[in-house]
There are 2 protein chains.
Amino acid sequence: MRANLREHIEKIIPLTDEEFAFICTHFSTKKFKKHQFLIQKGDPVKYCYFVISGLLKLVYTDDSAKEHIVSFAMEDWWESDYYAFFTQTEATMSLECLEDTEVLCFSLDDYKKMCDGLQKMERFFLEKANFGFLGSQRRIISWLTSNSKERYEQLLKQSPSLIQRVPKSLIASYLGISRETLSRLSS
Amino acid sequence: MRANLREHIEKIIPLTDEEFAFICTHFSTKKFKKHQFLIQKGDPVKYCYFVISGLLKLVYTDDSAKEHIVSFAMEDWWESDYYAFFTQTEATMSLECLEDTEVLCFSLDDYKKMCDGLQKMERFFLEKANFGFLGSQRRIISWLTSNSKERYEQLLKQSPSLIQRVPKSLIASYLGISRETLSRLSS
DNA sequence: TTCGTGATGTGACATATCTCACTTTAAATT
DNA sequence: AATTTAAAGTGAGATATGTCACATCACGAA
């Protein structure tokens, strides 16, 4: 089960068995059922999560109690309310299971210990952060350059499996359009 | 002039004089006039830039030759076509001066040497990458939750100086609306 | 099975935004 | 100062999207 994690890290940086053992001491395993919350708005954010199996949604709830999907996280994805995690403040978003989900997670303290204790791990996080930034920037560009239909088609192309696993109303929220509009795009 | 850079880095990590001297060997200075390009779409991206003075726009040009502002960069901001920079591929965006601009810059080679030679610098880049990601995510949330007027007001609040220095047509492009719509928001 | 809930589709109308054309104003260039 | 160019405002009509209401369908719980 931690094999997923090792394989994931080694896509970026090869590890010795000792190094991976060191890394493992900083992770713990957790299991959640569909509809359970890993992070709830207003609570402290103790962990950053790596999804082994299952599916999560990161949700921002606005003043009028409307939910907006900031992102999804499936197998091999990292997720958290990163701002709250890094600054150790209250969650501004919630992280909820769309399916039964198994994760590995670490605390900020463990994060620092991994970075300090193993430079490779700091390098890994740097790569991940860079790619995370690039992903967000790509999403912004997609929004600047494309209409709803095009953005939906790009998502379909980019994450076809997601569309199978997630209700269309959530896909619509992720794309920033109403579920009715998304429904009409297909026809 | 490099004092800006040192101060900027030391907001995150204190440096000794030797460390800063090491860092400096990897930066070079460049000056550009208004309307000049630091990066042109299709060309290789040799550098990542730190703005000492002046103002830049990062532009994505779509298939129908319409320009979209991905971001602005003013004093103390970093900018590049990061994807092209890190992967050493051709620029998909262009980076152009809105004012006479002075920058410090480094190559990918220098980036790697700095990370390898000074762990503090890798830590610095990690922090920067994390904050960059968070900034993009905040922009996405702003787009998901707010209408054009609200997004404009948020920008005004967040970067009041930017609105002074940049034509409204470019602000509109950054917000993903037409210049006419932005013009009508004020009234 | 039966019931209830959530997911999806669709019509009708309101609203936001875009596009195009034109004018006015401000700024840059000679 | 004169001329040119860029920026900004505005009207009118087309288009995209949102909202509300309702109907249908699928699926899991009792």
Side-chain angles (χ1 to χ4, degrees), chain A residues 33-37 54-55 57 59-69 72 96-100 140 142-156 161-187, chain B residues 32-37 54-57 59-69 72 96-101 140 142-156 160-187:
Chain A
K33 292 258 165 217
K34 186 171 175 173
H35 296 132
Q36 276 194 300
F37 286 83
L55 182 57
K57 63 171 180 180
V59 174
Y60 181 89
T61 306
D62 68 21
D63 302 333
S64 56
K66 194 174 170 187
E67 293 198 345
H68 304 270
I69 305 288
F72 297 102
E96 184 182 349
C97 293
L98 295 174
E99 300 173 359
D100 293 356
I140 289 169
S142 163
W143 153 56
L144 289 174
T145 58
S146 310
N147 61 29
S148 305
K149 182 160 195 172
E150 291 162 341
R151 292 209 310 282
Y152 176 60
E153 281 160 1
Q154 286 165 22
L155 180 64
L156 229 151
S161 58
L162 192 70
I163 279 77
Q164 310 302 323
R165 292 166 71 177
V166 172
K168 294 249 174 83
S169 56
L170 297 185
I171 299 289
S173 172
Y174 177 83
L175 292 170
I177 58 181
S178 69
R179 57 165 206 88
E180 292 92 336
T181 296
L182 178 60
S183 168
R184 282 186 255 262
L185 289 183
S186 320
S187 49
Chain B
F32 297 89
K33 292 258 166 219
K34 186 170 175 172
H35 296 132
Q36 275 194 300
F37 285 83
L55 182 57
L56 305 172
K57 62 171 179 179
V59 174
Y60 181 89
T61 307
D62 67 22
D63 303 331
S64 56
K66 194 173 170 187
E67 293 197 345
H68 304 270
I69 306 287
F72 297 102
E96 185 182 349
C97 294
L98 295 174
E99 302 173 358
D100 293 356
T101 300
I140 290 169
S142 163
W143 153 56
L144 289 175
T145 59
S146 311
N147 62 30
S148 304
K149 182 160 195 174
E150 291 163 342
R151 292 209 310 281
Y152 176 60
E153 281 161 0
Q154 286 165 23
L155 181 62
L156 228 152
S161 58
L162 191 71
I163 278 77
Q164 311 301 324
R165 292 166 70 176
V166 172
K168 294 248 174 84
S169 57
L170 297 186
I171 300 289
S173 172
Y174 177 82
L175 293 170
I177 59 180
S178 70
R179 56 165 207 87
E180 293 93 335
T181 296
L182 179 60
S183 168
R184 283 186 256 260
L185 288 184
S186 320
S187 49

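Order of the sequence lines fixes the chain letters, A, B, ..., with proteins taken first and strands second; residue numbering starts at 1 for each chain. Model, not experiment: these values are computed from the prediction.
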*Could you give the CD-to-P distance, from A:E67 to C:dA7, as a whole number of Å?*
11 Å

*Quickly work out the A:L98 CG to C:dG6 P distance and round it to whole Å.*
15 Å

*Round to a whole Å and report the spacing from CD1 of B:I171 to C1' of D:dG9.*
17 Å

List every contact pair, protein side and nucleotides 28-30 of chain D side both N or O, where the distance is under 3.5 Å.
none

*Rounded distance in Å - CG (A:L175) to P (D:dG18)*: 11 Å

_I'd like to know if the side chain of A:R165 and the backbone of A:G54 have a donor-acceptor N/O pair within less than 3.5 Å._
yes

*Between protein and nucleotides 12-18 of chain C, map the contacts as a letter string: B base, S sugar-phosphate only, - none, heavy atoms under 4.0 Å, written 5' to 3'.*
B----SS

*Quick one: closest heavy-atom pair of A:R151 and A:W143, and the distance?*
CD-CA, 3.6 Å

_Has B:T101 got a side-chain atom pairing as donor or acceptor with B:E99's backbone, closer than 3.5 angstrom?_
yes

*Could you tell me the separation between the NZ atom of B:K168 and the P atom of C:dT25, rounded to a whole number of Å?*
16 Å

*Would you kindly give the OH-to-C1' distance between B:Y152 and D:dA8, to the nearest whole Å?*
12 Å

_In terms of relative ring orientation, are B:H68 and B:Y60 parallel, tilted or perpendicular, with 30° and 60° separating the classes?_
tilted

*What's the shortest heavy-atom distance between B:L144 and A:S173, and which atoms?*
CD2-O, 3.5 Å

*Provide, to the nearest angstrom, the distance between the NZ atom belonging to B:K34 and the P atom belonging to C:dA27.*
11 Å

*In terms of side-chain heavy atoms, does B:S146 have a donor or acceptor partner in B:Q154 at a distance below 3.5 Å?*
yes

*Can you name the residues that form a side chain to side chain contact (heavy atoms under 4.5 Å, CB included) with A:K34, not counting sequence neighbours?*
A:D100

*State, to 0.1 Å, how close A:L170 and A:I69 come at their nearest heavy-atom pair, and which atoms those are.*
O-CG1, 3.6 Å

